[in-house]
Amino acid sequence: MAAPGLRLGAERLFEMPAVLERLSRSNSTSQAFAEVLRLPKQQLRKLLYPLQEVERFLAPDRRQDLHLRIFDPSPEDIARADKVFTATEGNRIDYVSSAVRIDHAPDLSRPEVCFIGRSNVGKSSLIKALFSLAPEVEVRVSKKPGHTKKMNFFKVGKHFTVVDMPGYGYRAPEDFVDMVETYLKERRNLKRTFLLVDSVVGIQKTDNIAIEMCEEFALPYVIVLTKIDKSSKGHLLKQVLQIQKFVNTKTQGCFPQLFPVSAVTFSGIHMLRCFIASVTGNLD
Ligand code: GDP
């Protein structure tokens, strides 16, 4: 989580143009992020803090229903996280291996985060977007029916490992449940599970398989809302409030703040990178 002194996040970004100026010149900012900082203010806000865009459509007394600022990183933190996700000579970002069993998974030396969700929820698109600063990484997708679904491991420098879990569906085969369940239960270096929910349709019955596993094993997990570019602001707000209510009343281990993203417009991608860098101890 961002240090308390750096908690002003979005406000700081928009009230202090000097911060933008300083950041875009700083050596600690990647060139890609320096270009992002040159976007017009409104576009920048939408890209970095997508939910604050919809917040203004809520009556002030309902705004407290939205947990928007539990993780509210500063622009400096976002810039640092982007560096972690940028492939360089000294920070290699690569596909490592695939596994169908946890005992075939790579070593445990780094912290790990995993991504899980229904088939078609936008998981491979999201992982590709997260790795857009490492264009050589190949996010493998095996969608052909009948092909064994595997867990795919990617290393991000010496920082952490990202695991792409197989997508589940209406008829999740038993061996899939066994594989995912064993991984979630036994993977000791797993720091956070990111559970993807399509923002157009919200939480579906099949998502309960993953939610129940995370709850049963008392894992810390986070709901990521995908494809937010496909919804109107009103629809997105309705989904966000419904899911937020579900999280508040029906879950124990789910982080109360939702992370909305679009792999098409890149909205929320920087924020999610920053959260991953934070939970894996790379912003301390
Ligand atoms: P996966 O099965 O969960 O890996 O899903 P994919 O990443 O393959 O995405 C499924 C479909 O949704 C594809 O047609 C993608 O182009 C589309 N998609 C994924 N993410 C987004 C997004 O953020 N916005 C929009 N509009 N479409 C998306």
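Note that ligands are numbered from 1 as they come in the structure, with each ligand's atoms numbered from 1 the same way. Residue numbers run from 1 in the order of the sequence given.
Near S262, meaning under 4.0 Å from one of its heavy atoms, ligand 1 places the atoms 23 (O). In summary, the atoms of ligand 1 found under 4.0 Å from a heavy atom of D229, numbered by their order in the structure, are 22 (C), 23 (O), 24 (N), 25 (C), 26 (N). Near K230, with a cut-off below 4.0 Å to any heavy atom, the atoms of ligand 1 are 25 (C), 26 (N).
Residues N91 and T86 come closest through the heavy atom pair ND2-O, 2.9 Å. Nearest approach of T206 to Y168, heavy atoms of both residues: O-CE1, 3.4 Å.
Not a single N or O atom of L126, backbone or side chain, sits closer than 3.5 Å to an N or O atom of ligand 1. An N or O contact shorter than 3.5 Å links A263 to ligand 1 by distance.
V177 and L184 fall within the same hydrophobic cluster, where Ile, Leu, Val, Met, Phe, Trp and Tyr residues are linked whenever their side-chain heavy atoms come under 4.5 Å apart, directly or through other members.
Defined by atom type and a distance below 3.5 Å, a donor-acceptor pair is present between the side-chain atoms of N152 and S98.
The nearest non-hydrogen atom to atom 10 (C) of ligand 1, considering only T226, V121, N120, D164, comes from N120.
A distance of 7.0 Å separates OG1 of T161 from CG of N189, quoted to the nearest 0.5 Å.
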